[in-house]
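Below: one structure, written as structure tokens.
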Amino acid sequence: MSLVKELYEPYVLPTRARLATEAVVRRLGDGSLEPHVLERFFLQYHALGVYLTEPLESWVRREGQRCLFQGLDALGKALLAQARPEAQQHVMLMDDTRLLVRRWNLRRPCTLHAERLLAQFPTDAMRDWRLHVEETLTEEPPGAQLALAYELGHFHQTLGPVLLAHVARALGREALDGLTFLKENAQPATGRALTQARLMEDLLRTMPENAQVLAERGAGVLDIHLRFLEDCLQSAEAAVWSPPPPGAPAR
């Protein structure tokens, strides 16, 4: 048995179970959810997700440097090597947002503007996410940012295929063209996902006594991102059912 399953997962499994039971997850899978609401949800998910992912490269780099400073040379070097590819995560989300906006504008009467969607103010959950990462990068134990990345990967690998299935059901399979962020992060066997799993094993082998602390930090990731899904759905419903007054500029 891996150290992740033996030492870490028992503390995080109750929170992971919410990925199947949370009200927002059930609502997104409800066949009665109007397709244009679901489509607007995905616009929000991608546009607001840029705020969540834009600092990824710097976060990973900082954790790598912290590990090196603490004498965790192998982990530190591995994180520094992983940092640069993380810079593409928010770029994918921006590209996907622009693609989704173009599709929306071809079929819907209310014109949207990608740059305005990308410039929206962050929600409380989004701000809490950045705060959670910053606290993790400054508190003990070193390397704990790996637990955040690992649980975020689990979040995407669990809900990504579900969300993509909802898109295909409500909007047609052609709507899956593009969506590079969702499709890439939903795959459990990508090099990025396998690297995160290996690094978690290495971290627990180095400091098994910190498994519970690491799991608590990881569980916070899931809680915040479930709140983020709720924010995206609520704002999508508000935008769809509260049209702008006559003469208002296109959004």
Side-chain angles (χ1 to χ4, degrees), residues 18-19 21-56 89-133 152 155-156 158-160 162-171 175-176 178-182 185-186 220-251:
R18 293 174 55 198
L19 298 183
T21 61
E22 200 77 2
V24 64
V25 178
R26 297 199 309 272
R27 178 89 171 99
L28 288 169
D30 189 338
S32 67
L33 184 66
E34 295 82 355
H36 56 300
V37 174
L38 185 65
E39 186 172 5
R40 193 62 191 266
F41 163 83
F42 278 100
L43 277 161
Q44 289 294 88
Y45 177 86
H46 286 79
L48 296 176
V50 173
Y51 180 92
L52 304 183
T53 55
E54 192 169 11
L56 276 175
Q89 294 295 303
H90 78 282
V91 175
M92 286 193 288
L93 282 164
M94 293 172 71
D95 290 343
D96 291 349
T97 298
R98 295 183 178 112
L99 172 65
L100 289 166
V101 167
R102 287 195 297 270
R103 288 178 178 169
W104 173 279
N105 289 340
L106 287 172
R107 297 170 12 259
R108 307 290 186 189
C110 178
T111 301
L112 299 177
H113 292 278
E115 302 312 311
R116 293 180 186 173
L117 291 175
L118 291 167
Q120 294 175 90
F121 287 109
T123 66
D124 287 345
M126 294 161 65
R127 286 188 289 265
D128 286 348
W129 167 240
R130 287 199 177 185
L131 179 62
H132 187 66
V133 179
L152 187 57
F155 176 87
H156 288 136
T158 301
L159 289 186
V162 176
L163 295 177
L164 288 168
H166 295 337
V167 172
R169 170 184 55 77
L171 305 174
L176 298 178
L179 300 186
T180 53
F181 177 87
L182 265 178
N185 284 278
V221 171
L222 302 178
D223 177 71
I224 291 169
H225 279 74
L226 284 169
R227 289 168 51 207
F228 172 67
L229 292 184
E230 182 67 36
D231 289 342
C232 292
L233 183 55
Q234 287 183 355
S235 61
E237 291 177 320
V240 168
W241 301 123
S242 302
R251 289 172 285 182

TODO: Please assess Val24 against Arg18 for the test side chain to side chain contact (heavy atoms under 4.5 Å, CB included), listing each intermediate value before the final yes or no.
DONE: CA-CA 10 Å; Val24 64; Arg18 293 174 55 198; over 6 Å; no
Task: With sequence neighbours excluded, residues passing side-chain contact (heavy atoms from CB on, under 4.5 Å) with Ala168 - done: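 Residues passing side-chain contact (heavy atoms from CB on, under 4.5 Å) with Ala168: Arg173, Leu176.
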Task: Residues which pass side-chain contact (heavy atoms from CB on, under 4.5 Å) with Val91, listed by chain and number, not counting sequence neighbours - done: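 Val91 satisfies side-chain contact (heavy atoms from CB on, under 4.5 Å) with Gln88, Asp95 once adjacent residues are dropped.
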Should [X] and [Y] count as side-chain neighbours, where that means a heavy-atom distance under 4.5 Å?
X	Y	answer
Met94	Glu54	no
Leu93	Leu118	no
Phe121	Met126	no

Interatomic distance, [X] atom [atom1] to [Y] atom [atom2] [nearest 0.5 angstrom]:
X	Y	atom1	atom2	result
Phe228	Gln44	CZ	CD	8.5 Å
Ile224	Leu131	CD1	CG	8.0 Å
Leu38	Leu233	CG	CG	8.5 Å
Leu159	Leu28	CG	CG	9.0 Å
His225	Glu22	NE2	CD	14.0 Å
Asn185	Met92	CG	CE	5.5 Å

List in chain and number order the residues that pass salt bridge (charged side-chain N to carboxylate O under 4.0 Å, His left out) with [X], two or more places apart in sequence or in another chain; answer none if no residue qualifies.
X	value
Arg107	Glu39
Arg102	none
Glu115	Arg98
Arg103	none

Any idea which heavy atoms bring [X] and [Y] closest together, and the distance?
X	Y	value
Leu19	Leu226	CD2-CD2, 3.9 Å
Trp104	Cys110	NE1-O, 2.8 Å
Pro35	Ala170	CB-O, 3.7 Å
Ala186	Leu164	CB-CD1, 4.4 Å
Val101	Leu112	CG1-O, 3.6 Å

Output all residues satisfying side chain to side chain donor-acceptor pair (under 3.5 Å) with [X], sequence neighbours left out; order by chain, then residue number.
X	result
Thr53	none
Thr21	none
Arg169	none

Task: Pairwise salt bridge (charged side-chain N to carboxylate O under 4.0 Å, His left out) hits with a residue in residues 224-235, at least two apart - done: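 For residues 224-235, and leaving out neighbouring residues, the salt bridge (charged side-chain N to carboxylate O under 4.0 Å, His left out) pairs sorted by first residue read Asp128-Arg227.
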Task: Side-chain donor or acceptor of Ser235 paired with backbone N/O of Cys232 under 3.5 Å - done: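 Confirmed, Ser235 side chain pairs with Cys232 backbone.
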Open item on the list: What verdict does the side chain to side chain contact (heavy atoms under 4.5 Å, CB included) test give for Val133 and Val221, after you've listed the backbone C-alpha separation in whole Å, the side-chain angles of each residue and the deciding distance to 0.1 Å?
Closed with: CA-CA 9 Å; Val133 179; Val221 171; over 6 Å; no
Task: Partners meeting ring pair (Phe, Tyr, Trp, His ring centres under 6.0 Å) with His156 (sequence neighbours left out) - done: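 Testing His156 for ring pair (Phe, Tyr, Trp, His ring centres under 6.0 Å), a comparison that skips the adjacent residues, returns Phe181.
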Residues 45-52, side-chain donor-acceptor partners within the protein, below 3.5 Å, at least two apart:
residue: His46; atom: ND1; partner: Phe42; partner atom: O; Å: 2.7

